Visitor: 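Provided herewith is a single structure, encoded as structure tokens, for subsequent inquiry.
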Amino acid sequence: MSTLQLHDVSMAYLSKHEATLALESISLTVQDGEFLSILGPSGCGKTTLLSIIAGLLSPTSGHVTIGNQDLKQTKANIGYMLQQDYLFPWRTIQDNITLGQKIRGTYSQTAKNEALKWLDQLGLADKKNLYPNQLSGGMRQRVALVRMLATNPTLMLLDEPFSALDYQTKLKLEDLVFQTLKSEEKTAILVTHDIGEAIAMSDRVVLLSPRPGRIHRIFEIPTEIAST
Ligand code: ADP
Ligand code: ADP
């Protein structure tokens, strides 16, 4: 990956009678290998911002670049874990996590084993032959995380990835995911409204104001805090 930059990004949703300004003048640089959290109240545009970075939404004004290339031209592998898990109900857990690899043409025995290792680390090894409706919400969320990790993205976009987990599991996974991705020098952007999660998971925290989301403050998290 290379540096991700948002240049004066604004987003208004237009409907018949009104425009909802969701984001206003967001300029931000995310360095290679950085973990950034986006924190803010409900409705301040966090999901909108991730969708723009993912290239799923075009901003009303401004633009996004990766290594000085426009987002539309980039070949960077961007992984997006949406708030809802969108697992395929008629596929087993194992098929769900390898499907992304197959679609991207990166499927191999090694890639599959890597995915199964993640499944194991997240405590789901014995669930691989079950179907999504046989799992709890928290388990499905972890499967969605593994499915994204299995495509080996260089930039990961995570929208409240741990919201359905119980407290203990959440702490364990925050730590595991943070340590592993850090050691692999991945870049990640995490959206959350949990300040503890933001601090535990990131190098920097961007605090957005209530709608329309603007950058209110940016905090650096000292490494001795982030790694404990
Ligand atoms: P900043 O003010 O944040 O440095 P600019 O808006 O001046 O960013 O643009 C930076 C670079 O991106 C310039 O080289 C510019 O030509 C290019 N650029 C600007 N708008 C677009 C766009 N919509 N699509 C692609 N590239 C653009
Ligand atoms: P957050 O993720 O911080 O809760 P969102 O990005 O989901 O915020 O939404 C920001 C604002 O934009 C909210 O006021 C929301 O109601 C509005 N919004 C989101 N998606 C749409 C849409 N597709 N059409 C119209 N308004 C939308």
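Just so you know, ligand 1 is whichever comes first in the structure, and atom 1 is the first atom listed for that ligand. Values reported hereafter were calculated over all heavy atoms of this structure, with side chains retained and with hydrogens, waters and symmetry mates removed. What you see is a predicted model; the values in this text were computed from it and never measured.
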Visitor: According to the ring-ring contact (aromatic ring centres under 6.0 Å, His included) rule, which pairs have a member within residues 25-45, sequence neighbours left out?
Guide: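 Residue pairs with at least one partner in residues 25-45: Phe35-Phe178.
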Visitor: I'd like to know if the side chain of Ser163 pairs up with that of Gln141 as donor and acceptor (distance under 3.5 Å, no hydrogens or angles considered).
Guide: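 Yes, side-chain donor-acceptor contact under 3.5 Å.
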Visitor: Any chance the side chains of Ser42 and His193 put a donor and an acceptor closer than 3.5 Å?
Guide: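 Per modelled atom types, Ser42 and His193 side chains form no pair under 3.5 Å.
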Visitor: Could you identify which residues cluster with Leu171, counting Ile, Leu, Val, Met, Phe, Trp and Tyr as linked when any side-chain heavy atoms lie under 4.5 Å apart, either directly or through a chain of such contacts?
Guide: Tyr167
Visitor: Write out the protein residues near ligand 2, meaning a non-hydrogen atom under 4.0 Å from one of its atoms, in order of chain and number.
Guide: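 Under the 4.0 Å cut-off, ligand 2 touches Tyr13, Ala22, Pro41, Ser42, Gly43, Cys44, Gly45, Lys46, Thr47, Thr48, Arg211.
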Visitor: Can you name the residues that form a salt bridge (charged side-chain N to carboxylate O under 4.0 Å, His left out) with Arg140, not counting sequence neighbours?
Guide: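 Scan of Arg140 (salt bridge (charged side-chain N to carboxylate O under 4.0 Å, His left out), adjacent residues dropped) gives Asp85.
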Visitor: Would you tell me whether Thr187 and Glu34 have side-chain atoms, one donor and one acceptor, within less than 3.5 Å of each other?
Guide: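 Side chains of Thr187 and Glu34: no pair found under 3.5 Å.
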